[in-house]
Amino acid sequence: MRGGADRPDRRPRDGAAREDRPRHDDPPIPEEVTARDLNGPARNELKTLSKENADEVARHLAMAARLIDDDPALAHRHALAASRRAGRIAIVRETVAITAYATEDYALALRELRTYRRISGKDDQIALLVDSERGVGRPDRALEVGRAVDRSALPVPVRVELAIAMSGARLDLGETERALTELDIPELDPDRAFEWSPALFAARAAVLEELGRTDEAALWQRRADIAAEALHDASGAADLETIVIEDTVIEDDAVEGDRS
């Protein structure tokens with residue numbers, strides 16, 4: 001029997017889950033972790049929730065961010081706990097997607113990324129969406145998803161991440177030359193280090209290695225390492241935007257080979 005006149009309405013209101021719902025599977029949160037450990041823009045998304053629920057969701061999201069690199073499985077449990085309380089909030093579904101991806105549950109990551117995209121109207125996780133399609137064994141679909149986005153409208157870091165993901169999909173299909181072409185973007189500047197440079201340089205090195213162009217691959221991997229080191233060393237600099245890379249020694253013949 002599906003309900004009755006005297007049955008209470010159990011639907012959540014304004015994105016909030018019922019606060020008396022059992023949470024026996026929620027991982028514990030250290031007492032010192034507070035809602036303010038979550039960044040301000042993320043906390044603003046929780047304003048439709050009651051204060052008590054918003055604080056608890058924020059604490060779980062803060063724990064997910066804290067644990068994602070060292071213990072992705074536990075980070076995912078915190079994300080799921082937040083989702084049980086606030087499943088209609090974009091930042092919550094985004095966190096579930098990211099932690100699912102980190103635990104290699106690509107099917108769940110895909111579902112959550114689609115939901116996040118629908119709720120938020122944003123394409124800022126398009127690269128992760130492409131990579132998740134790759135994760136479930138659909139590189140052709142991954143390329144379709146990536147091509148459907150207006151890249152000119154994406155922030156530069158997202159555009160670079162998408163190029164790397166698209167290159168990976170080409171590699172999955174055995175299209176190695178086209179994988180290299182996907183990385184031929186304006187942001188590929190070997191003389192300056194931006195936040196996206198180490199990953200972009202390393203991706204190019206990996207494709208060149210696949211092509212058997214080992215000298216060029218080693219050169220781009222060196223550039224990736226130098227860029228990462230330079231960014232790390234300058235991470236405390238105020239208003240840092242770019243770093244000029246001056247200590248890369250490049251042989252003339254290696255440069256000519258890379259341009260061929």
Side-chain angles (χ1 to χ4, degrees), residues 68-69 94 97-98 101-102 106 109 113 122-135 139 142-235 237 239-251 254-260:
I68 185 67
D69 292 327
E94 181 184 26
I98 292 170
Y101 179 88
Y106 302 117
L113 286 166
K122 297 178 180 178
D123 281 324
D124 57 336
Q125 292 294 351
I126 187 63
L128 201 64
L129 192 60
V130 169
D131 258 345
S132 296
E133 289 286 4
R134 294 178 59 208
L143 292 172
E144 290 176 13
V145 170
R147 284 194 296 262
V149 175
D150 179 5
R151 297 196 193 191
S152 66
L154 298 174
V156 173
V158 176
R159 189 161 63 243
V160 173
E161 290 172 358
L162 178 57
I164 294 171
M166 296 288 280
S167 178
R170 294 290 187 190
L171 286 178
D172 294 344
L173 292 169
E175 300 173 355
T176 316
E177 289 287 355
R178 298 184 74 177
L180 192 63
T181 302
E182 293 283 356
L183 300 174
D184 287 334
I185 57 178
E187 292 78 16
L188 188 73
D189 185 343
D191 299 318
R192 295 183 181 180
F194 300 83
E195 61 179 285
W196 58 80
S197 299
L200 183 57
F201 295 171
R204 189 172 184 85
V207 177
L208 288 166
E209 188 73 32
E210 286 289 324
L211 287 167
R213 293 158 62 175
T214 55
D215 290 344
E216 295 169 69
L219 173 62
W220 281 97
Q221 186 57 56
R222 174 166 167 73
R223 284 171 171 159
D225 295 341
I226 291 172
E229 183 178 345
L231 288 165
H232 180 270
D233 290 345
S235 59
D239 300 323
L240 177 66
E241 292 183 358
T242 66
I243 297 173
V244 177
I245 301 176
E246 298 178 343
D247 55 344
T248 304
V249 178
I250 304 172
E251 299 294 338
V255 174
E256 291 301 321
D258 189 47
R259 290 175 180 169
S260 61

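Scope of the values below: all heavy atoms of this structure, side chains included, with no hydrogens, waters or symmetry mates.
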Inset, instruction - For the residue pair I98 and Q125, establish whether any side-chain heavy-atom pair is separated by less than 4.5 Å. - result: yes
When the side chains of residues 153-166 are checked against the rest of the protein, which donor-acceptor pairs come out under 3.5 Å, sequence neighbours left out?
unit_1: R159; atom_1: NE; unit_2: E187; atom_2: OE2; d: 3.4
unit_1: R159; atom_1: NH1; unit_2: R151; atom_2: O; d: 3.4
unit_1: R159; atom_1: NH1; unit_2: L154; atom_2: O; d: 3.0
unit_1: R159; atom_1: NH2; unit_2: E187; atom_2: OE2; d: 2.9

Inset, instruction - Would you name the heavy atoms of A169 and A142 that are closest together and state the gap between them? - result: CB-CB, 4.2 Å
Inset, instruction - Give, for atom CG of D124 and atom CG of L129, the distance between the pair rounded to the nearest 0.5 Å. - result: 11.0 Å
Legend entry - Full working for side chain to side chain contact (heavy atoms under 4.5 Å, CB included) between S132 and L113: CA-CA 9 Å; S132 296; L113 286 166; 3.7 Å; yes
Legend entry - Shortest non-hydrogen contact from A102 toward I68: CB-CD1, 3.6 Å
Inset, instruction - With rounding to the nearest 0.5 Å, note down the distance linking CG in L200 to CG in D189. - result: 10.0 Å
Inset, instruction - Apply side chain to side chain contact (heavy atoms under 4.5 Å, CB included) to F201 and L188, showing your working. - result: CA-CA 7 Å; F201 295 171; L188 188 73; 4.0 Å; yes
Inset, instruction - Could you tell me whether the side chain of T176 reaches within less than 4.5 Å of the side chain of R170, counting heavy atoms only? - result: no
Inset, instruction - Would you sort out whether L143 and L173 count as a side chain to side chain contact (heavy atoms under 4.5 Å, CB included), showing the intermediate values? - result: CA-CA 10 Å; L143 292 172; L173 292 169; 3.6 Å; yes
Inset, instruction - Taking all non-hydrogen atoms of both residues into account, name the closest pair between A202 and A224 and its distance. - result: N-CB, 3.7 Å
Legend entry - Inter-residue atom distance R204.CZ - I185.CD1, 0.5 Å rounding: 10.0 Å
Inset, instruction - To the nearest 0.5 Å, tell me how far L171 CG sits from R134 CZ. - result: 7.0 Å
Inset, instruction - Check whether any side-chain heavy atom of P198 lies under 4.5 Å from a side-chain heavy atom of L231, and answer yes or no. - result: yes
Inset, instruction - Count the heavy atoms belonging to other residues, nucleotides or ligands that lie under 6.0 Å from CD of E229, then report whether that count exceeds 12. - result: no
Legend entry - Separation of W220 CH2 from D225 CG (nearest 0.5 Å): 13.0 Å
Inset, instruction - Taking the side chain as every heavy atom from C-beta outward, state whether E182 and V207 have any pair of such atoms under 4.5 Å apart. - result: no
Inset, instruction - Look up atom CD1 in I226 and atom OG in S197, then write down how far apart they are to the nearest 0.5 Å. - result: 12.5 Å
Inset, instruction - Compare all side-chain heavy atoms of L180 with those of R213 and state whether any distance is below 4.5 angstrom. - result: yes
